[in-house]
Engineer: 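Before we start, here is the structure in question, set down as structure tokens.
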Protein chains: 2
Amino acid sequence: MTEHLSTAEENYIKSIYHLQQSESVVSTNEVAARLNTKAASVTDMLKRLNSKQVIHYEKYKGVSLSIEGEKIAIDIIRKHRLWEYFLVEKLQFKWDEVHEIAEELEHISSKQLVERLDNYLGYPKFDPHGDPIPDSKGHIQFQEQISLTDLTIEKPATVSAVVGSQSSELLELLTHKNIGIGTRIVIKRKFSYDNSMEIETNDNCTFTISKELAMALFVR
Amino acid sequence: MTEHLSTAEENYIKSIYHLQQSESVVSTNEVAARLNTKAASVTDMLKRLNSKQVIHYEKYKGVSLSIEGEKIAIDIIRKHRLWEYFLVEKLQFKWDEVHEIAEELEHISSKQLVERLDNYLGYPKFDPHGDPIPDSKGHIQFQEQISLTDLTIEKPATVSAVVGSQSSELLELLTHKNIGIGTRIVIKRKFSYDNSMEIETNDNCTFTISKELAMALFVR
DNA sequence: TAAATAATTTAGATTCGCCTAAATTTTTAT
DNA sequence: ATAAAAATTTAGGCGAATCTAAATTATTTA
Ligand SMILES: [Mn+2]
Ligand SMILES: [Mn+2]
Ligand SMILES: [Mn+2]
Ligand SMILES: [Mn+2]
């Protein structure tokens, strides 16, 4: 299939993939912003990736992944999330500490390593942040999840993901409130004054959380 | 201490370290041979590493690691061997399959990751090839080992290392004869005609091994 | 010790990945 | 519909890491 891709190329492909989740065609500036680089550098790379057939690109028209490119992206994301799972489950890292390390580990090339790691971990379906881990065929079990903000009162739900998962402040707060992936939540009241809400969790605790925290939590 | 080192720089430092085990000053050509590159490229890199103070280098005079460079080398080797141990013990790789993968994993930078991995693995002292794993302070428990070729008749010894550990032919042979790191061996007879020898192992098996195999085995 | 040979370095290119500044194209606002 | 603003690309350059070919230095051999 595709020859060897550099770490930089892989990071671009992954970024384009993620940006495509919201809008199917991605702009040069968006890629630049996500990768903390300059638009001119992005244009450079897009030309290269285009000639390698992993993206569709025409100047001034934005970029999207080719079928091949999407496969590559999913493979990198699979590795990223499996390693994050490993770091948390086996090496006892906290979930706010693993992203940077996985950012490096995701580029280790051995196919066999990924498969064996997956098997060793027991084929986990979600990473420590609640994001789905693609299987070895590249299939992703998308979960329809909604922001806790949009959950109906009195309707029980389970925390499925946390956004802003690199923030240790967020982790501190969630640890204090004893909330994590898998926690059952019911909204008891919503206060329109500050958009805070009173919730009840698993362990029969009832307390109030802020609008900010509610927006960081996704449930299903 | 030292800023960030690239993968290429780390590989050069590690190679110089290994070459220094036999002779304290290493030549440009030796480095080139070990890294499968050209002498001109090595000269280039030596200038860079010299300016970063990790080696001592004067033109036409060969190269050696600085104190700082040696610490870096040992740290990379520690990571390499810990990952090899992980791959064999946890992911069930055979010991002839792990070197290439560890060659990539050894460049993952997180200090915390190494320490936690070491702890997770139970602070192993030797890698799957019998080579010592440096501890977190960089201390290496050297073992005086000798080639099986040089072992005295009737003197029991334990296989401590296998050289040529990337060869699957060697692994095949050792698996067949049921020899591995830790196997107890006694030499019963040496045949000077072809330098083969009759040995007895753990499991009370007695059989003959070739000169070639004896040279690949180290014991203590 | 002088010539031949081997080892090493220098010179000059190339590719990748990035940058700044300038030019061009597209989009938005008047 | 123009002009202003924003987005994007091009031009030109730089450092890292590699290469080949040529020049230089060191070592060996006659
Ligand atoms: Mn990455
Ligand atoms: Mn994640
Ligand atoms: Mn390496
Ligand atoms: Mn090893």
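Each chain gets a letter, A, B and so on, in the order the sequences are listed, and its residues count up from 1.
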Engineer: If you check every side-chain atom of A:Met45, which of C:dG17, D:dT18, C:dT9 has the closest atom?
Structural biologist: C:dG17

Engineer: With heavy atoms under 4.0 Å as the rule, sort A:Thr28 into base, sugar-phosphate or nothing.
Structural biologist: sugar-phosphate

Engineer: Using the side-chain hydrogen bond (donor to acceptor under 3.5 Å, both in side chains) rule, take B:Asp194 and B:Ser196 through it: C-alpha gap first, then chi angles, then the decisive distance, then the call.
Structural biologist: CA-CA 5 Å; B:Asp194 58 0; B:Ser196 65; 2.7 Å; yes

Engineer: Decide yes or no on salt bridge (charged side-chain N to carboxylate O under 4.0 Å, His left out) for A:Asp118 and A:Arg78, but give the supporting numbers first.
Structural biologist: CA-CA 10 Å; A:Asp118 196 8; A:Arg78 167 168 161 77; 3.0 Å; yes

Engineer: Whole angstroms only, please: what is the CD-P distance between A:Glu58 and D:dT10?
Structural biologist: 13 Å

Engineer: Checking all strands, does B:Asn29 fall into the base, sugar-phosphate, or nothing category for heavy-atom contacts under 4.0 angstrom?
Structural biologist: sugar-phosphate

Engineer: Rounded to whole angstrom units, what separation is found between the NZ atom of B:Lys47 and the P atom of D:dT18?
Structural biologist: 15 Å

Engineer: Nearest whole angstrom, please: distance from the P of C:dA6 to the NZ of B:Lys38.
Structural biologist: 18 Å

Engineer: Taking atom P of D:dT18 as reference, at what distance in whole Å does atom CG of B:Leu35 sit?
Structural biologist: 8 Å

Engineer: Quick one: sort the B:Trp83 and A:Phe86 rings into parallel, tilted or perpendicular, breaks at 30° and 60°.
Structural biologist: tilted

Engineer: How many whole angstroms separate atom NE2 of A:His4 from atom C1' of C:dT15?
Structural biologist: 15 Å

Engineer: C:dA11, D:dA16, D:dT10: which one has an atom nearest the side-chain heavy atoms of B:Arg48?
Structural biologist: D:dA16

Engineer: How close or far is atom P of D:dT9 from atom CG of A:Asp44, stated in whole angstroms?
Structural biologist: 11 Å

Engineer: Would you mind telling me which residue lines up with the more 5' stretch of DNA chain C, B:Lys59 or A:Ser41, judged by nearest nucleotide?
Structural biologist: B:Lys59

Engineer: Remember a base hit wins even if backbone is also touched, and classify A:Thr43 as base, sugar-phosphate or nothing at under 4.0 Å, heavy atoms.
Structural biologist: base

Engineer: Of the nucleotides D:dA17, D:dT18, C:dG17, which has the atom closest to the B:Glu9 side chain?
Structural biologist: D:dA17

Engineer: Starting at atom CG of A:Leu46, determine the distance to atom C1' of C:dC16, rounded to an integer number of angstrom.
Structural biologist: 15 Å

Engineer: Kindly confirm or rule out a cation-pi arrangement of B:Lys90 over B:Tyr85, judged by NZ or CZ under 6.0 Å from the six-membered ring centre and within 45° of its axis?
Structural biologist: no

Engineer: Centre-to-centre under 6.0 Å for B:His80 and B:His99, is that the case here?
Structural biologist: yes

Engineer: Just call it for B:Lys61: base, sugar-phosphate, or nothing, with non-hydrogen atoms closer than 4.0 Å on any strand.
Structural biologist: nothing

Engineer: Taking the side chain of A:Tyr60 as its heavy atoms from C-beta onward, which of D:dA17, C:dT26, C:dA21 lies nearest to it?
Structural biologist: C:dT26

Engineer: Taking the side chain of A:Thr37 as its heavy atoms from C-beta onward, which of D:dT25, C:dC18, D:dC19 lies nearest to it?
Structural biologist: C:dC18

Engineer: Rounded to whole Å, please give me the gap between OH in B:Tyr57 and P in C:dA7.
Structural biologist: 16 Å

Engineer: Is B:Tyr12 close enough to D:dA16 that one of its side-chain N or O atoms is under 4.0 Å from OP1 or OP2 there?
Structural biologist: no

Engineer: Could you check which of C:dT9, D:dT18, D:dA11 has an atom nearest any side-chain atom of A:Ala40?
Structural biologist: D:dA11

